[in-house]
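FYI, the numbering just counts along the sequence from 1.
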Amino acid sequence: MASSPLAGSLLVAVGWLAVAVLGLVPTNNAFFARRIAFPLGAAAGVALAAFGLQAVWLPPQILTLPLGLPDLPFHLRVDPLAGFFLMLLGSVSAGISVYAAGYFGNEPSGRLTLISLQYHVFLASMAFVLLADDAYLFMVAWETMALSSYFLVITDHQQPAIRSAGFLYLLIAHLGAIAILLCFGVLHGGRGDYTFDALRAAQLQPAWATVAFLLAFFGFGAKAGMLPLHAWLPEAHPAAPSPVSALMSGIMLKTAIYGMVRVIFDLIGNLRWEWGMVVLTVGAATTLFGVLYALMQHDLKRLLAYHSVENIGIILLGLGMSMVFIGFGHAAAGVLALIAALYHTLNHAVFKGLLFLGAGSILHATGLRNLNDMGGLIRGMPRTAFYFLIGALAISALPPLNGFVSEWLTFQAALQATILQHGVVRSLLPLFAATLALAGALTAMCFVKVYGIAFLGQAREPAHRTPVPHAGDAGRMERYGMAWLAAGCFVLGLFPSSFLLMLNRVGVSLTGPVRAGCGWCQPRPGRRATRR
């Protein structure tokens, strides 16, 4: 068991907690926090990604810890779905932690140790959310994740606007947590224990299953930032330090997607197509709302936050189509749509993390967040301009970068609508796909504006014309962190077949032994292994 993915992932999560505590011993150990903590956290992230990738290809593993309450010990489990999200958490957090080592290097000692504490507790809590196999541990980890990220959001708590943003985030996070708790209560039904195995085995009446679905969709949607529960996102992301914004948008929102998939597809099961139409409708509205509001923003970090809302909508479109197909009995098409949603979940984590890090480098070097005050930054920050361009092209879904692959997969899933016998639903799916096409065009337009103004154009305000072009570029560690995520954009875009095989394994684990309805997402006889 010592070398198993479950034991290794648990060790990494405990290691993150140890890194968080070591920064406090001796009192305000600034040297450890400044020089060692974040590189150690990054190394742990790489290890977690390796364990998660290994878990995708192995049977589920379970473990019971002698912790918790007398009759409620902590149950851990890793399966292909958890393994995929552990891989996402580890790989993306590794780049962000390397960047954070440079970004937080000049922080005052006392503040730096607190940031390191909260940062690594945040990472560990997300890992425990993914490993939890009972409702008790899941909710403990979920609330720890909310509280640690809240303290990171209000790092500059002296400003009233930041305290207000933190309060709004905490309020909506706890409203979502209450809904998730009620969902687990409905699934439990007063019988058995609170392990996920017991919740899977529960036989719910159709009405109660729908109640559980709506509670889960509301609860996890509040954390994900879907419409109309998105209000905290454009407030909290600009308020938080940029590495924290990257963690929250790139990874924390994806833990909400994990929770949604885990509860709806796995614990509730027996998917109904009507649920999928609800998810599709909310997803389409979230996509359009996010991109339209992003177009109107001048604050760079707020603009990126609204694009996170948009991309959560795109993920919901894939999940909704998957639920519709599975509800009508077309499991192969449902797995294809689920693969599209999960691929976009990974892609968004990578390119949105990169974009927030680029925005952080601009803020660090110039003190500017308003696009109208920027201009000509490519002359003083050529490396940051290059990495930001990669992120902008990826989020605009331009080949050969990763955003193109997952959005194309989503279109492919929508084209499977012809197999549906329900005429109304069959005609609506292409309309939802048209929503995605419109959002893609508007996103490209938005980032042409952002890149043109910030890096290529002249500063709008005379007061900023002199200092901005001569701003210093990102530091060495910051550039390494951005380069890691930029490389991820290319790898995910140029080698999709390997990731599709992995995601097909995840889909099979949730829906049963069926392959996605596509020839290019599974190995063919006679093809060499190197071309998979």
side-chain contact (heavy atoms from CB on, under 4.5 Å) assessment of Leu316 paired with Phe217 | CA-CA 10 Å; Leu316 292 180; Phe217 188 51; 4.1 Å; yes

Pair Val506-Ile339, side-chain contact (heavy atoms from CB on, under 4.5 Å): steps then yes or no = CA-CA 8 Å; Val506 177; Ile339 287 173; over 6 Å; no

Determine, step by step, whether Val279 and Trp275 satisfy the side-chain contact (heavy atoms from CB on, under 4.5 Å) criterion, reporting the C-alpha distance in whole Å, the side-chain angles of both residues, the deciding distance to 0.1 Å, and the verdict.
-> CA-CA 6 Å; Val279 176; Trp275 300 354; 5.5 Å; no

Can you check side-chain hydrogen bond (donor to acceptor under 3.5 Å, both in side chains) on Ser509 and Asp79, steps first, answer last?
-> CA-CA 8 Å; Ser509 73; Asp79 58 10; 5.8 Å; no

side-chain contact (heavy atoms from CB on, under 4.5 Å) assessment of Leu354 paired with Cys489 | CA-CA 9 Å; Leu354 175 59; Cys489 292; 4.2 Å; yes

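In this structure, Ile257 CD1 and Leu346 CG are separated by 13.0 Å, a value rounded to the nearest 0.5 Å. One finds the CD1 atom of Ile312 at 11.5 Å from the CG atom of Leu317 (value rounded to the nearest 0.5 Å). Distance OH/Tyr150 to NE2/His174: 10.5 Å, rounded to 0.5 Å. In this structure, Leu53 CG and Phe499 CZ are separated by 8.0 Å, a value rounded to the nearest 0.5 Å. Expressed to the nearest 0.5 Å, how far CD of Gln61 lies from CD of Gln54 amounts to 7.5 Å. In this structure, Lys254 NZ and Asn311 CG are separated by 7.5 Å, a value rounded to the nearest 0.5 Å.
Annotation for Phe167: atom CZ does not count as buried by contact number, only 12 or fewer foreign heavy atoms lying within 6.0 Å. Taking a 6.0 Å sphere around CH2 of Trp273, one finds it holds more than 12 heavy atoms contributed by other residues, nucleotides or ligands. Surrounding CH2 of Trp484 are at most 12 heavy atoms belonging to other residues, nucleotides or ligands under 6.0 Å away. Heavy atoms of other residues, nucleotides or ligands lying less than 6.0 angstrom from CG of Asp197 number more than 12.
Residues Ser164 and Glu235 fail the side-chain proximity criterion, which asks for heavy atoms closer than 4.5 Å. Counting only heavy atoms from C-beta outward, the side chains of Leu501 and Trp57 approach each other to under 4.5 Å. With contacts defined as side-chain heavy-atom distances shorter than 4.5 Å, the pair Tyr119/Ser97 qualifies. In this structure, the side chains of Met260 and Phe265 stay at 4.5 Å or more apart for every pair of heavy atoms. Using a 4.5 Å heavy-atom threshold, the side chains of Leu510 and Asp266 count as touching. Here the side chains of Arg272 and Thr210 are in contact, with some heavy-atom distance below 4.5 Å. Within the 4.5 Å cutoff, the side chain of Phe128 has no heavy atoms near those of the Phe138 side chain. Ser322 has its side chain out of reach of Val335: every pair of non-hydrogen atoms, C-beta onward, lies at least 4.5 Å apart.
If you look at His75 and Phe196, their ring centroids are not closer than 6.0 Å.
Side-chain atoms of Ser498 never come within 3.5 Å of backbone atoms of Phe495 as a donor-acceptor pair (strictly under, hydrogens ignored). The main-chain N or O of Ala246 is never found under 3.5 Å from a side-chain atom of Ser249 such that the two would form a donor-acceptor pair. Remark: side-chain polar atoms of Ser9 are not paired, donor with acceptor, to backbone N or O of Leu6 under 3.5 angstrom. Within the 3.5 Å criterion, the main-chain N or O of Leu112 finds no donor-acceptor partner in the side chain of Ser116. In this structure, the side chain of Trp16 does not engage the main chain of Ala127 through any donor-acceptor pair within 3.5 Å. With hydrogens and angles ignored, the 3.5 Å screen pairs no side-chain donor or acceptor of Lys223 with any backbone N or O of Leu253. The backbone N or O of Met226 lies less than 3.5 Å from no partner atom in the side chain of Thr286, so there is not a single donor-acceptor pair. Side-chain atoms of Arg200 never come within 3.5 Å of backbone atoms of Leu267 as a donor-acceptor pair (strictly under, hydrogens ignored).
Below 30°, between 30° and 60°, or above 60°: for Tyr194 and His188 the angle between ring planes is below 30°, a parallel geometry. Ring geometry, Phe38 versus His120: the interplanar angle falls from 30° to 60°, so the pair is classed tilted.
Each salt bridge (charged side-chain N to carboxylate O under 4.0 Å, His left out) pair with one or both residues in residues 133-154, not counting sequence neighbours, would appear here, but there are none. Within the structure, salt bridge (charged side-chain N to carboxylate O under 4.0 Å, His left out) contacts touching residues 326-340 (residues at least two apart or in different chains) do not occur.
Of all heavy-atom pairs between Pro80 and Arg505, the closest is CG-NE, 3.9 Å. Taking every heavy atom of both residues into account, Val263 and Ala216 meet most closely at CG1-CB, 3.7 Å. Nearest heavy-atom pair across Leu168 and Trp232 is CD2-CA, 3.9 Å. The nearest pair of heavy atoms linking Ala42 to Val98 is CB-CG2, 3.6 Å. Leu500 and Leu409 make their closest contact through CD2-CD1, 3.6 Å (heavy atoms, listed as atom of the first residue, atom of the second, distance). Taking both residues in full, the closest heavy atoms of Leu304 and Ala359 are given as CD1-CB, 4.0 Å, listed atom of the first, atom of the second, then distance.
Remark: the Ser242 side chain and the Tyr99 side chain contain no N/O donor-acceptor pair separated by less than 3.5 Å. In this structure, a donor-acceptor pair under 3.5 Å is present between the side chains of Ser245 and Lys301. Donor-acceptor pairing under 3.5 Å is lacking for the side chains of Tyr343 and Thr410.
By the side-chain hydrogen bond (donor to acceptor under 3.5 Å, both in side chains) test, Tyr258 is found to be paired with Arg262, residues two or more places apart in sequence or in another chain being considered.
The one candidate from Leu214, Leu199, Leu215 that meets the side-chain contact (heavy atoms from CB on, under 4.5 Å) condition with Val186 is Leu215.
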